[in-house]
Amino acid sequence: MSTPASAATPRYILMHENDNVAIVVNDGGLPAGAVFESGLTLREAVPQGHKVALRALAKGEAVRRYNVIIGYAACDLPAGSWVAEAQVEMPDARELVNLPISTNLAAAAAPLEGYTFEGYRNPDGSVGTRNILAITTTVQCVSGVVDFAVQRIKNELLPKYPHVDDVVGLEHTYGCGVAIDAPGAMVPIQTLRNITLNPNFGGQAMVVSLGCEKLQPARLFPKGAIPIQNGGGADPALVCLQDAQHVGFMSMIASIMRQAETNLAVLNARRRETVPASELVVGVQCGGSDAFSGVTANPAVGFATDLLVRAGATVMFSEVTEVRDGIDQLTARAAAPEVAQAMIREMEWYDNYLKRGGVDRSANTTPGNKKGGLSNIVEKAMGSIVKSGSSPIAGVLAPGEKLSQKGLIYAATPASDFICGTLQLAAGMNLHVFTTGRGTPYGLAEVPVIKVATRNELAARWHDLMDINAGRIASGEASIADVGWELFHLLLEVASGRQTWAEKWKLHNSLVLFNPAPVT
């Protein structure tokens with residue numbers, strides 16, 4: 001562990017010896033005239049996390065960070081200049097041809113044995129980290145009714161079933177007014193279907209339907225397609241609001257509550273049992289990223305990712321636009337050529353999807369990302385990829401698909417926080433890790449979310465929202481390995497029932513389905 005430097009000492013972080021820019025570490029940034037240990041003097045004030053030119057850069061010269069060209073100087077930049085967003089011209093995207101295939105496979109690390117957690121074993125062999133009653137909806141029209149019923153269930157029924165953690169309405173904005181037969185419609189449909197199978201729901205999900213919607217229950221759950229056992233039946237328990245038996249609003253609510261009590265009784269009989277760490281299915285994601293994301297939090301997550309893979313667990317990383325500019329790094333780590341080709345296919349599909357919408361990849365970097373020092377999506381991508389660690393990439397999932405293998409998996413999703421989280425839920429995630437530099441109150445009701453701060457200042461200011469402070473890496477108080485091991489142990493504790501801050505505050509948003517099909 002390195003010795004912490006004085007907060008007043010001007011410091012920068014250099015990611016690679018070939019880089020010609022570095023980021024300012026100090027809280028609040030540094031004023032013009034600040035002198036670094038190397039002798040470099042700032043020509044102007046530079047905010048925390050923003051880049052400073054380590055030597056003079058001529059107009060058109062490559063700007064290099066992570067030993068990658070993140071852009072080209074838009075003007076002459078003397079040494080010590082602030083290399084701001086406007087002074088970096090974004091390079092063209094890497095073409096999806098002539099990529100390295102399986103050329104950078106890490107040597108197999110020794111298995112990590114003996115680690116366990118207390119989870120809920122399901123009939124299908126999966127393991128939950130929580131014991132939740134989920135109420136799936138076929139159409140957005142029933143969301144208000146389900147929300148009303150969920151509040152009644154929580155207040156009146158849940159206290160009678162102390163071994164059930166929560167009741168969650170899987171509300172969304174899909175199901176009718178859509179081109180239900182368009183090719184892209186299978187993405188939201190299979191997403192909803194597979195979310196219902198999430199390990200945290202114990203095979204006891206309910207379904208509430210309106211009755212007249214395009215997404216009929218039989219279409220969402222074709223016979224035999226979803227092996228859920230509810231009271232001995234082969235299909236999810238269904239309540240249809242337009243059924244003639246419902247006379248008035250409270251009749252609908254009573255029907256949902258009756259079915260809920262049946263399912264709650266089954267869930268309440270379940271108990272945690274000791275299971276190996278290999279039963280973890282962890283989704284990793286970043287949001288509200290800054291220039292420290294790729295320096296502190298994401299590398300620590302990557303270290304923990306490698307530990308999880310060594311323990312036999314499954315880890316998913318995602319966000320197409322946030323890894324697209326590092327596709328060559330990913331295909332080089334593909335465990336087999338077909339895995340590399342699957343990644344290329346997903347990137348190509350998304351390139352075409354953006355093209356159809358008239359959107360280019362530069363739209364990804366948000367105002368907050370830029371304020372945090374990220375000039376463009378190339379720089380952001382380099383910091384995002386490191387969440388995946390160094391293990392070979394064992395498989396690829398298209399949006400909405402369900403996991404069928406262990407190891408490190410690339411799950412193709414948009415970069416939007418809640419769309420990514422929704423698709424990782426559908427894949428079978430039972431635990432979620434979310435890193436942030438600018439700060440976001442992101443949370444999911446369906447799985448625990450562990451929040452990792454990239455900076456000391458954010459961790460201190462949002463002390464009751466961040467579960468781990470990776471900012472200690474930048475200040476020299478901890479190493480990447482220190483924080484990576486801390487996260488690994490916290491994952492096991494949370495999987496065993498320890499609450500995260502997001503759970504304590506019940507921070508969550510509704511599911512957001514990715515619907516690439518036209519809306520009618």
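By the 4.5 Å heavy-atom criterion applied to side chains, Val452 and Asn469 are not counted as neighbours. Here the side chains of Tyr115 and Leu492 are in contact, with some heavy-atom distance below 4.5 Å. Counting heavy atoms from C-beta outward, Glu446 and Arg130 have side chains that stay 4.5 Å or more apart. Two residues are said to be in side-chain contact when any heavy atoms from C-beta on lie closer than 4.5 Å; Tyr442 and His432 meet this criterion. In this structure the side chain of Asn268 reaches within 4.5 angstrom of the side chain of Pro162, judged on heavy atoms.
In this structure, Leu330 CG and Ile393 CD1 are separated by 4.5 Å, a value rounded to the nearest 0.5 Å. Note: Arg219 CZ to Leu192 CG = 13.0 Å, rounded to the nearest 0.5 Å. Atoms CG and CG, on Asp417 and Asn509 in that order, are 9.5 Å from each other to the nearest 0.5 Å. Considering CG of Asn131 and CZ of Phe201, their distance stands at 11.0 Å, rounded to 0.5 Å. Interatomic distance, CD of Gln285 versus OG of Ser384, reported as 9.0 Å (0.5 Å rounding). Residue Trp485 holds its CH2 atom at 12.0 Å from OG of Ser479, rounded to the nearest 0.5 Å.
For Lys154, the NZ atom is densely surrounded, since the number of other residues' heavy atoms within 6.0 Å is greater than 12. When the shell of 6.0 Å around CH2 of Trp505 is examined, it contains 12 or fewer heavy atoms from other residues, nucleotides or ligands.
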### Message
As a quick check of understanding, evaluate side-chain contact (heavy atoms from CB on, under 4.5 Å) for Thr454 and Asp290, giving each step before the final call.
### Response
CA-CA 8 Å; Thr454 72; Asp290 66 359; 3.2 Å; yes

### Task
Show your working on ring-ring contact (aromatic ring centres under 6.0 Å, His included) between Phe514 and Phe418 and close with a plain yes or no.
CA-CA 10 Å; Phe514 179 38; Phe418 284 97; over 10 Å; no

### Task
Let me see the working for Arg455 and Asp27 under side-chain contact (heavy atoms from CB on, under 4.5 Å), right down to the final yes or no.
CA-CA 9 Å; Arg455 298 178 296 119; Asp27 288 349; 5.5 Å; no

### Task
Run the numbers on Ile195 and Leu511 for side-chain contact (heavy atoms from CB on, under 4.5 Å), then give the verdict.
CA-CA 10 Å; Ile195 285 175; Leu511 302 177; 3.9 Å; yes

### side-chain contact (heavy atoms from CB on, under 4.5 Å) between Met206 and Thr136, worked out
CA-CA 6 Å; Met206 294 170 51; Thr136 298; over 6 Å; no

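Between the Ser289 side chain and the Cys286 main chain, no donor and acceptor come within less than 3.5 Å of each other. For the pair Arg498 (side chain) and Ala495 (backbone), a donor-acceptor distance under 3.5 Å is absent. Although no hydrogens or angles enter the test, the distance criterion places no donor-acceptor pair under 3.5 Å between the side chain of Asn430 and the main chain of Val447. Using modelled atom types, one side-chain atom of Thr413 and one backbone atom of Glu319 make a donor-acceptor pair closer than 3.5 Å. No donor-acceptor pair closer than 3.5 Å links the side chain of Asp243 to the backbone N or O of Gln245. Here the side chain of Asn369 pairs a donor or acceptor atom with the backbone of Thr366 at under 3.5 angstrom. At distances below 3.5 Å, at least one donor-acceptor pair connects side-chain atoms of Thr305 with backbone N or O atoms of Lys387. The backbone N or O of Gly312 lies less than 3.5 Å from no partner atom in the side chain of Ser278, so there is not a single donor-acceptor pair. No donor-acceptor pair under 3.5 Å is formed between the side chain of Thr440 and the backbone N or O of Gly288. A distance-only check finds a donor-acceptor pair linking the side chain of Thr436 to the backbone of Gly287 [under 3.5 Å].
In the model, His163 has no side-chain atom that pairs as donor or acceptor with a side-chain atom of Arg270 under 3.5 Å. In the model, Gln259 has a side-chain atom that pairs as donor or acceptor with a side-chain atom of Asn263 under 3.5 Å. No hydrogens or angles considered: nothing links the side chains of Ser510 and His172 as a donor-acceptor pair under 3.5 Å. Remark: the Asn376 side chain and the Glu85 side chain contain no N/O donor-acceptor pair separated by less than 3.5 Å. Defined by atom type and a distance below 3.5 Å, a donor-acceptor pair is present between the side-chain atoms of Asp306 and Ser391. When only modelled atom types and interatomic distance are considered, Glu213 and Thr138 share a side-chain donor-acceptor pair under 3.5 Å. Residues Tyr161 and Glu261 bring a donor and an acceptor atom of their side chains to less than 3.5 Å of each other.
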